[in-house]
Asker: 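The structure follows.
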There are 2 protein chains.
Amino acid sequence: MARPRTPLLSRERIVAAALRLIDDEGLDALSTRRLATELSVSGPSLYNHFATKDDLLDAVVDSVIGEVDLSMFGAAAGDAGAAGTAGGAGGTGIAWPQALRDWARSYRAALAAHPNIVPVLAQGPGRRPNALRLADAVFGHLVESGWPRGQATRIGALMRYFVTGSALASFAAGFPADAEVYDAADYPHLGEAHRLAGHRGTVDEGAFETGLEALLDGLALRYARLAERP
Amino acid sequence: MARPRTPLLSRERIVAAALRLIDDEGLDALSTRRLATELSVSGPSLYNHFATKDDLLDAVVDSVIGEVDLSMFGAAAGDAGAAGTAGGAGGTGIAWPQALRDWARSYRAALAAHPNIVPVLAQGPGRRPNALRLADAVFGHLVESGWPRGQATRIGALMRYFVTGSALASFAAGFPADAEVYDAADYPHLGEAHRLAGHRGTVDEGAFETGLEALLDGLALRYARLAERP
DNA sequence: ACCTGAACACCGTTCAAGT
DNA sequence: ACCTGAACACCGTTCAAGT
């Protein structure tokens, strides 16, 4: 059998299987041969749908970013004309702190569902449409809310730093559950660290929420200063 | 020639060569054979010094973390007895916001010098001594400055999120310098994004500093609330 | 157009053999 | 103890061959 009348593969099927493999067994487990076996075809078949393995990875990454909710930015971007002043958010969109909060939570949730691919995704948008759409929506909303363009760029960057960092790996699970590791002579304050892994979910979520609210508070201070000194 | 009278390799030489290879050509370029060639030995020779490639990577990672300055935590940790209240930092150590600021900058500088290995390092301390020492110093300083243990854990986590995220990749360089990428119909606010890569250093550093100060401001608000409601 | 097997230059790791 | 070459089961990718 060489070419079937109806194609065995599609980009969508390949991307879905690749993401499953990465989620279940890590980025290193994704090999073209292994993936092909999973899809019941031979290795080189994949090259009819993607030029290289990197191209395939790009598609996987963009499918993950496509899950991030951007609807909180939509309304403000659409109307409001020249909002442009720091007095308040333009148009009918929700205020920027709440929009950033909602977006950051959705962003983190989408990435944390696939931590093994975050190192690839963190390299930046490149030419991936969903990643560019995300950057466009955040930057546009901030500018229309009255942030100067340079500041808006920095906020987009620092939010990505924080979200990708929080999705890359669990903080709690990074500490071995074996109490023997934490010799009191070497690490006097880590006597309870072996219990962290057991509270993985709450520790990581608590740290993310604390950091997010601290960031938003700190940014609100700076936003208030924009109005004072125009 | 089989075994020379004086060993050709040492763990230190192997780690240094591996880090150079990772810095220059990326994590994927580090293969045991390639590394061995760089060191003028045959591939299997490395297995006399490291059990597996993962063990070698662990040593590389810990050598990078060893570059992070922890001296700002030293003084407060050493004395102060039972500081324990939110009124002020215990002992002669500098106050926690300045200590966190200095540490975060050193942490980021050490990691940003070797971005290709950050995904490995971000998995957590594991059993690596320098990584555990770092976690111990930060947590100890925060607790002795009056932060409740749960909050101190979260702050350690969220600072790592932010620093690793900022060192993982350049935000600015993630946007292609080719203006053709940013079609105004698709991305109405990214008309200037092709100029980001040219200002890589200032954009990334500005975003890091803005985020760091915002985080510290937000945390200071919470610290003040600790004293109000004991 | 889309799949196949064979082939090329690579991998990490094991192991018997050398000194 | 520390290095070697040979070997095993893998890689990503190319290519001629099939329908």
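Naming: A, B, ... by sequence-line order, numbering from 1 per chain. For clarity, every value in this text was computed on a predicted model and none was experimentally measured.
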Asker: Nearest whole angstrom, please: distance from the P of dC3(D) to the CG of L46(B).
Answerer: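 Nearest whole value for this atom pair: 9 Å.
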Asker: Please report the distance, rounded to the nearest Å, between NZ in K53(A) and P in dT13(D).
Answerer: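 It is 8 Å, rounded to the nearest whole Å.
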Asker: Quick one: does any side-chain atom of R133(B) pair with a main-chain N or O of G66(B) as donor and acceptor, under 3.5 Å?
Answerer: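 No.
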Asker: Please report the distance, rounded to the nearest Å, between CG in L8(A) and C1' in dC3(C).
Answerer: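 So the CG-C1' distance, L8(A) to dC3(C), works out to 7 Å.
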Asker: Is S45(A) near enough to dC2(C) that one of its side-chain N or O atoms lies under 4.0 angstrom from OP1 or OP2?
Answerer: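 Indeed not, no polar side-chain atom of S45(A) lies that close.
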Asker: Tell me which of R34(A) and A51(A) sits closer to the 5' end of DNA chain D, going by the nucleotide each one is nearest to.
Answerer: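 Nearest nucleotide further toward 5': that of R34(A).
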Asker: Ignoring the backbone of P44(A), work out which of dT13(D), dC2(C), dT13(C) is nearest its side chain.
Answerer: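 Taking heavy atoms from C-beta onward, the closest nucleotide is dT13(D).
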Asker: Reading DNA chain C from 5' onward, which residue's closest nucleotide shows up sooner: D54(B) or L9(A)?
Answerer: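 Nearest-nucleotide comparison on DNA chain C picks L9(A).
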Asker: Partner lookup for dC10(D), please. Criteria are Watson-Crick or G-U wobble with both distances under 3.5 angstrom; report none if nothing qualifies.
Answerer: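 Result: none.
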Asker: Counting only Watson-Crick pairs (N1-N3 plus N6-O4 or O6-N4) and G-U wobbles (N1-O2, O6-N3), all under 3.5 Å, who is the partner of dC15(D)?
Answerer: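 In the structure as shown, dC15(D) has dG5(C) as its Watson-Crick or wobble partner.
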Asker: L35(A) has an atom CG; how far is it from atom P of dC3(C), in whole Å?
Answerer: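 Atom-to-atom, L35(A) to dC3(C), this comes out as 13 Å.
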Asker: Has the side chain of R11(A) got a donor or acceptor atom that lies under 3.5 Å from a matching backbone atom of H49(A)?
Answerer: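 The answer is yes, because a donor-acceptor pair under 3.5 Å joins these two groups.
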Asker: Give me the ring orientation class for Y182(B) and H194(B): parallel if the planes are under 30° apart, tilted from 30 to 60°, perpendicular past 60°.
Answerer: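 Answer is tilted, since the angle falls between 30° and 60°.
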Asker: Using a 4.0 Å heavy-atom cut-off, does L30(A) contact any base of the nucleic acid, only the sugar-phosphate backbone, or nothing at all?
Answerer: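 Sugar-phosphate, backbone atoms only, no base.
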Asker: Name the nucleic acid region contacted by S31(A), choosing base, sugar-phosphate or nothing; use a 4.0 angstrom heavy-atom cut-off, strictly under.
Answerer: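 Sugar-phosphate, no base atom in range.
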Asker: Find the distance R11(A):CZ to dC2(C):P and express it as a whole number of Å.
Answerer: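 After rounding, the gap between these two atoms is 12 Å.
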Asker: Grab the two heavy atoms, one from N116(A) and one from P119(A), that are nearest each other, plus how far apart they are.
Answerer: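 Heavy atoms only, the tightest pair is O-CD, 3.7 Å.
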Asker: Would you mind reading off the distance between Y47(A) atom OH and dT13(D) atom C1', rounded to a whole angstrom?
Answerer: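 It works out to 5 Å between those atoms.
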Asker: When the ring planes of F73(A) and H141(A) are compared, do they come out parallel, tilted or perpendicular, using 30° and 60° as the limits?
Answerer: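 Because their plane-to-plane angle lies in the 30° to 60° range, the rings of F73(A) and H141(A) count as tilted.
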Asker: Looking only at side-chain N and O atoms, does S42(B) come under 4.0 Å of OP1 or OP2 in dT4(D)?
Answerer: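 For dT4(D), OP1 or OP2 has a side-chain N or O of S42(B) closer than 4.0 Å.
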Asker: From the list dC3(C), dT13(D), dA7(D), which nucleotide is the closest neighbour of the side chain of T52(A)?
Answerer: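 Nearest to the side-chain atoms of T52(A), counting from C-beta on, is dT13(D).
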Asker: Find the distance R33(B):CZ to dA7(D):P and express it as a whole number of Å.
Answerer: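 Atom-to-atom, R33(B) to dA7(D), this comes out as 13 Å.
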Asker: Please determine whether a side-chain nitrogen or oxygen atom of H49(A) lies at a distance below 4.0 Å from atom OP1 or OP2 of dA1(C).
Answerer: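 Answer is no, no contact under 4.0 Å.
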Asker: dT4(D) P sits how many Å from N48(B) CG, rounded?
Answerer: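 Taking atom P of dT4(D) as the reference, CG of N48(B) is at 9 Å.
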